[in-house]
Amino acid sequence: MIPNRFVYLDFLRFAFALIIFFGHARSFLVLEKAELAVDYFFILSGFVLTHAYHDRLSTPGFFSRFARDRIARLYPLHLVTLIILMFMNIWFLETTNGQWLEHGWSYQDGRIYTLSLNLVLLNNVGLTPEGPSWNAPAWSISVELWANLLLVILAITLRRFFVYICIIIFLFCYLILFVNIGSLGDFYRNTGIFNTGILRGLAGMAAGILSYAAYKKLIPIVQSRRSIITATALALVAMQFWLMAGGAHFSKSDFLIVPASGITVIAVALAESLRKRSKIDAALEWLGECSYSIYMIHWPVLVFINYFLIYAWGIGVDINHPVHFICITILVIVASRLSFNFIEKPGKKLIKSMKR
């Protein structure tokens with residue numbers, strides 16, 4: 001049976017959001033290639049959105065509803081974190097008597113041009129070749145929104161051929177990245193007319209759509225193989241962590257995360273489809289709901305700790321100290337849950353209630 005919500009996949013998103021946070025914090029728990037978790041996010045996004053919307057493509061007014069839903073999901077928290085960082089820029093300027101959070105301080109923060117791009121989620125579509133700006137993790141939110149809209153336009157207009165289009169997008173985008181960049185760690189560079197972030201987003205979401213198509217084909221076949229599927233899913237999740245930890249050391253090994261993530265999503269989804277709901281689901285769902293907030297909130301928290309507490313005020317916070325870092329992690333999770341309850345949910349409800 002296909003579940004309404006893939007709780008285990010959402011929990012993995014929570015775990016990978018923490019990996020991104022650990023990487024940006026440069027803590028003792030940092031994984032060598034933590035940035036590869038973002039490619040899992042793109043693939044999972046393609047999978048989950050296909051699951052949620054594929055039966056509604058032909059309904060009247062679908063595109064406008066889909067666009068509104070995606071903006072409602074992504075924009076409120078993005079806007080709030082942007083406002084927080086605007087406030088932090090002004091506060092830091094006053095605290096340090098004239099220093100801005102820019103020019104290497106915090107990913108070129110404080111510039112009117114990049115602020116304008118962030119306000120309309122154009123912060124990573126090829127217009128900022130100097131690097132990420134303001135809330136640095138939001139580069140992938142910009143990519144996700146515009147890639148979502150492009151793919152759904154293709155799905156509506158070329159529905160009969162959409163799977164083949166996704167195969168072409170998947171191969172084309174990853175081929176450009178493989179040949180010209182050789183790494184998935186690059187997300188803002190322009191290579192010819194293409195932006196590496198957009199290429200990663202489109203390719204990852206196309207991979208997620210193809211993963212969902214494979215999942216639907218496999219469900220009738222694996223009904224009696226629950227233990228094998230569960231063991232396979234666990235092994236693939238372990239492989240994901242191994243790759244993010246830098247376990248593969250050969251040239252262009254980053255790209256292994258793509259098939260690994262796609263197959264992991266399929267295997268975990270299959271395992272979830274073959275099991276009965278358990279008492280642990282509520283806890284996993286609670287944590288999964290925090291994943292987007294963790295991804296967005298952790299950056300302002302780290303800016304505050306590094307630039308205010310440590311640099312400006314000289315408070316002895318040591319991110320590499322296990323006790324300090326555990327406290328910071330708890331703070332991020334608590335702040336993320338509060339932002340989910342008081343920013344994400346009401347913001348989403350407000351935007352979705354607006355008339356078209």
Side-chain angles (χ1 to χ4, degrees), residues 10 13-14 16-18 20-21 24-25 38 41 45 67-95 100-102 105-125 127-128 131-146 148-149 187 197 201 286-309 328-354:
D10 263 358
R13 180 156 42 192
F14 163 80
F16 291 166
L18 284 181
I20 295 290
F21 160 49
H24 286 155
V38 177
F41 296 152
S45 177
R68 187 176 68 239
D69 286 354
R70 296 313 294 152
I71 293 169
R73 175 73 177 96
L74 299 173
Y75 194 73
L77 186 57
H78 168 70
L79 179 62
V80 170
T81 53
L82 187 59
I83 291 170
I84 290 171
L85 283 162
M86 288 169 60
F87 170 74
M88 283 186 172
N89 272 268
I90 297 169
W91 190 13
F92 190 77
L93 181 69
E94 295 177 350
T95 301
W100 286 93
L101 283 173
E102 61 179 351
W105 279 90
S106 185
Y107 286 82
Q108 294 81 43
D109 286 359
R111 296 165 56 188
I112 299 299
Y113 173 66
T114 54
L115 175 61
S116 302
L117 294 177
N118 272 270
L119 282 170
V120 290
L121 274 173
L122 290 172
N123 43 304
N124 209 99
V125 296
L127 302 175
T128 52
S133 56
W134 294 88
N135 191 5
W139 75 266
S140 65
I141 307 307
S142 168
V143 167
E144 175 153 345
L145 176 64
W146 298 108
N148 284 167
L149 297 181
F187 55 88
W286 190 93
L287 292 171
E289 288 173 342
C290 297
S291 58
Y292 179 48
S293 292
I294 288 173
Y295 187 70
M296 296 294 282
I297 289 289
H298 81 266
W299 190 262
V301 170
L302 290 176
V303 168
F304 179 75
I305 290 170
N306 283 310
Y307 300 120
F308 288 90
L309 294 185
I328 293 168
T329 301
I330 292 171
L331 171 63
V332 167
I333 293 174
V334 170
S336 299
R337 189 64 202 184
L338 291 173
S339 71
F340 174 76
N341 287 333
F342 298 106
I343 299 171
E344 283 190 66
K345 287 173 68 176
K348 184 177 180 179
K349 183 178 180 180
L350 175 64
I351 292 176
K352 292 183 75 170
S353 68
M354 293 178 179

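Here the structure is a predicted model, which is why all the values come from computation and not from measurement.
In this structure, Lys345 NZ and Leu350 CG are separated by 15.0 Å, a value rounded to the nearest 0.5 Å. The structure places CD1 of Ile84 at 10.0 Å from CG of Leu79, a figure rounded to the nearest 0.5 Å. Of the inter-residue distances, the one linking Arg13 atom CZ with Ile294 atom CD1 reads 11.5 Å to the nearest 0.5 angstrom. Rounding to the nearest 0.5 Å places CG of Leu338 at 12.0 Å from CD1 of Ile333. Taken from CD1 in Ile328 to CG in Leu302, the straight-line distance is 7.5 Å, to the nearest 0.5 Å. Note that CG of Asn124 and CD1 of Ile141 are 11.0 Å apart. Values are rounded to the nearest 0.5 Å.
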- Task: Could you go through the side chain to side chain contact (heavy atoms under 4.5 Å, CB included) check for Ile297 and Leu77 one step at a time?
- Result: CA-CA 9 Å; Ile297 289 289; Leu77 186 57; 4.2 Å; yes

- Apply side chain to side chain contact (heavy atoms under 4.5 Å, CB included) to Trp134 and Met86, showing your working. CA-CA 8 Å; Trp134 294 88; Met86 288 169 60; 3.6 Å; yes

- Task: Report the C-alpha separation of Leu331 and Val301 in whole Å, then their side-chain angles, then the decisive distance to 0.1 Å, and conclude whether the side chain to side chain contact (heavy atoms under 4.5 Å, CB included) test is met.
- Result: CA-CA 9 Å; Leu331 171 63; Val301 170; 4.2 Å; yes

- Item | Worked check of side chain to side chain contact (heavy atoms under 4.5 Å, CB included) between Glu289 and Glu344 | CA-CA 10 Å; Glu289 288 173 342; Glu344 283 190 66; over 6 Å; no

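Put simply, the side chain of Ser142 gets close to the backbone of Leu121: a donor and an acceptor are under 3.5 Å apart. A donor-acceptor pair under 3.5 Å links the side-chain atoms of Tyr75 to the main chain of Leu119, judged by distance alone. Not a single donor-acceptor pair under 3.5 Å links the side chain of Ser293 to the backbone N or O of Cys290. At least one donor-acceptor pair under 3.5 Å links the side chain of Arg337 to the backbone N or O of Trp286. Judged purely by atom type and a 3.5 angstrom limit, Asn118 has no side-chain atom pairing as donor or acceptor with the backbone of Leu82. Of the possible donor and acceptor atoms, one in the side chain of Asn123 sits under 3.5 Å from a partner among the backbone N and O of Ala138. Put simply, the side chain of His298 never gets that close to the backbone of Thr329: no donor and acceptor are under 3.5 Å apart.
Ring centroid separation for the pair Tyr292 and Phe340 does not come in under the 6.0 Å cut-off. Aromatic rings from Trp299 and Phe21 are positioned such that their centres are separated by 6.0 Å or more.
Checked by atom type, the side-chain pair Tyr295/Ser140 shows a donor-acceptor distance below 3.5 Å. For the residue pair Asp10/Ser291, the side-chain donor-acceptor check at 3.5 Å is not satisfied.
Minimum interatomic distance between Asn341 and Pro346 (heavy atoms only, all atoms of both residues): O-CD, 3.2 Å. What you find for Pro76 and Lys348 is that their closest heavy atoms are CG-N, 4.1 Å. Nearest heavy-atom pair across Asn135 and Met296 is ND2-O, 3.1 Å.
Relative orientation of the Phe41 and Phe16 rings is tilted, given thresholds of 30° and 60° on the angle between their planes.
Taking 4.5 Å as the limit, some side-chain heavy atom of Ile20 sits within range of a side-chain heavy atom of Val38. Side-chain contact between Tyr113 and Leu127 is present, with at least one heavy-atom pair separated by less than 4.5 Å.
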